[in-house]
J.: 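Before we start, here is the structure in question, set down as structure tokens.
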Amino acid sequence: MVARDLLGRVLCRRLPDGDVLRGRILEVEAYDGPGDRASHAHRGLTKRNAPMFEAGGIAYVYLVYGMHHCLNVVTGARDYPAAVLIRAAESPDGASAAAGPGRVTRAFRIDRSLDGAPLIGPDLWLEEGKRVPEAEVRRTPRVGVPYAGAWARKPYRFVVVPGGERPGR
DNA sequence: GGTGCGATTGCA
DNA sequence: GCAATCGCACCA
């Protein structure tokens, strides 16, 4: 599964001033296919979710609640809407972690100008990182989608737990 | 052309 | 517990 393989990869972002921010991905959620009721794509192609219907390898960035951006990695084939929401990553400053999709995009200065951008640079890209061992991967149901019925309970959320102990949240 | 709400966060 | 804040999906 692509979502699980994104854990540990390094999210990289070049700012307008040339500085580069990096941080390992620590938490993701998968949204898979038109039938996934938790996905923005389940009602079909719209202006907002259009990038999800493109071929994988690009970003899907949208604004939620009028104040927070969320970053997704589009993973499906063309016309098959699938994406992985980046919910948490190491903070670029290396000190703390950015936990929560809105915090990740804020820490990396990601907004809708990157919607649909290819994930192979120049402003946003992914690098290989140390693979996260299975012992440190936790699977849980997704967050914030209680309206999705049975789909809300699918264990499509992947979290890196450094010690290999205790599920997050 | 008008209205309601969300893949959230932060503060009371 | 609840307000903040706005693009856009949906209905008329």
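Values below: every heavy atom of this structure, side chains too, minus hydrogens, waters and symmetry copies. All values derive from a computational prediction rather than experimental measurement. Note on naming: letters A, B, ... go to the chains in the order of the sequence lines (proteins, then strands), and numbering restarts at 1 for each one.
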J.: Quick one: does Arg106(A)'s side chain have a donor or acceptor within less than 3.5 Å of a partner on Gly102(A)'s backbone?
T.: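 Checking the backbone N and O of Gly102(A) against the side chain of Arg106(A), no donor-acceptor pair under 3.5 Å is found.
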J.: Does dC5(B) have OP1 or OP2 under 4.0 Å away from a side-chain N or O of Tyr147(A)?
T.: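 Checking Tyr147(A) against dC5(B): no side-chain N or O falls below 4.0 Å of OP1 or OP2.
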J.: For the pair made of CG in Leu63(A) and C1' in dT5(C), what is the distance, rounded to whole Å?
T.: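 So the two atoms are 8 Å apart, to the nearest Å.
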J.: Can you tell me if CZ on Arg153(A) sees more than 12 non-hydrogen neighbours from other groups inside 6.0 Å?
T.: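 No, the 6.0 Å shell around CZ holds no more than 12 heavy atoms from other groups.
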J.: So is the aromatic ring of Tyr31(A) stacked onto the base of dA7(B), judging by whether the centres are under 5.5 Å apart and the planes are under 30° apart?
T.: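 By the stated criterion, Tyr31(A) and dA7(B) stack.
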J.: Over how many whole Å does the gap from Leu71(A) atom CG to dA7(B) atom P extend?
T.: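 So the CG-P distance, Leu71(A) to dA7(B), works out to 16 Å.
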J.: Which is true for Tyr156(A) with a 4.0 Å heavy-atom rule: it touches a base, it touches only sugar-phosphate, or it touches nothing?
T.: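 Answer is nothing: Tyr156(A) stays at 4.0 Å or more from every strand.
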J.: Can you check the Asn72(A) CG to dT8(B) C1' distance for me, whole Å?
T.: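 Spelled out: CG on Asn72(A) to C1' on dT8(B) is 14 Å.
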J.: Please determine if Arg142(A) forms a cation-pi arrangement with Tyr31(A), meaning its NZ or CZ atom is less than 6.0 Å from the six-membered ring centre and no more than 45° off the ring axis.
T.: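 Yes, cation above the ring, under 6.0 Å and within 45°.
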J.: Could you give the CG-to-C1' distance, from Leu85(A) to dA7(B), as a whole number of Å?
T.: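 My rounded result for the distance is 6 Å.
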J.: Can you check whether any acceptor in the base of dA7(B) is under 3.5 Å from a donor in the side chain of Tyr62(A), or vice versa?
T.: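 Flag set: donor-acceptor pair detected.
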J.: Can you find a side chain N or O atom of His40(A) that sits less than 4.0 Å from OP1 or OP2 on dA7(B)?
T.: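 It does, given that an N or O in the side chain of His40(A) lies less than 4.0 Å from OP1 or OP2 of dA7(B).
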J.: May I have the distance from Arg43(A) (atom CZ) to dC5(B) (atom C1'), rounded to whole angstrom?
T.: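 Result: 10 Å.
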J.: Could you state the atom-to-atom distance from CZ of Arg106(A) to P of dT5(C) in whole Å?
T.: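 Those two atoms, CZ and P, are 15 Å apart.
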J.: Thinking salt bridges, do Glu90(A) and Arg22(A) make one under a 4.0 Å N-O criterion?
T.: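 Looking at Arg22(A) together with Glu90(A), the answer is no, because their closest N to O distance does not fall below 4.0 Å.
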J.: Just how far, in rounded Å, is P of dT9(B) from CZ of Arg87(A)?
T.: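 It is 6 Å, rounded to the nearest whole Å.
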J.: Both distances under 3.5 Å, Watson-Crick or G-U wobble: report the partner of dG1(C), or none.
T.: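 Result: dC11(B).
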J.: Within the structure shown, what part of the strands sits under 4.0 Å from Arg112(A) by heavy-atom distance: base, sugar-phosphate, or nothing?
T.: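 Answer is sugar-phosphate: Arg112(A) comes under 4.0 Å of backbone atoms only.
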J.: Donor-acceptor pair, Asp5(A) side chain versus Val2(A) backbone, under 3.5 Å?
T.: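 No, the answer is negative, given that no donor and acceptor are paired below the 3.5 Å cut-off.
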J.: When the distance from NE2 of His69(A) to P of dC8(C) is rounded to whole Å, what number comes out?
T.: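 Rounded to the whole Å, the gap is 11 Å.
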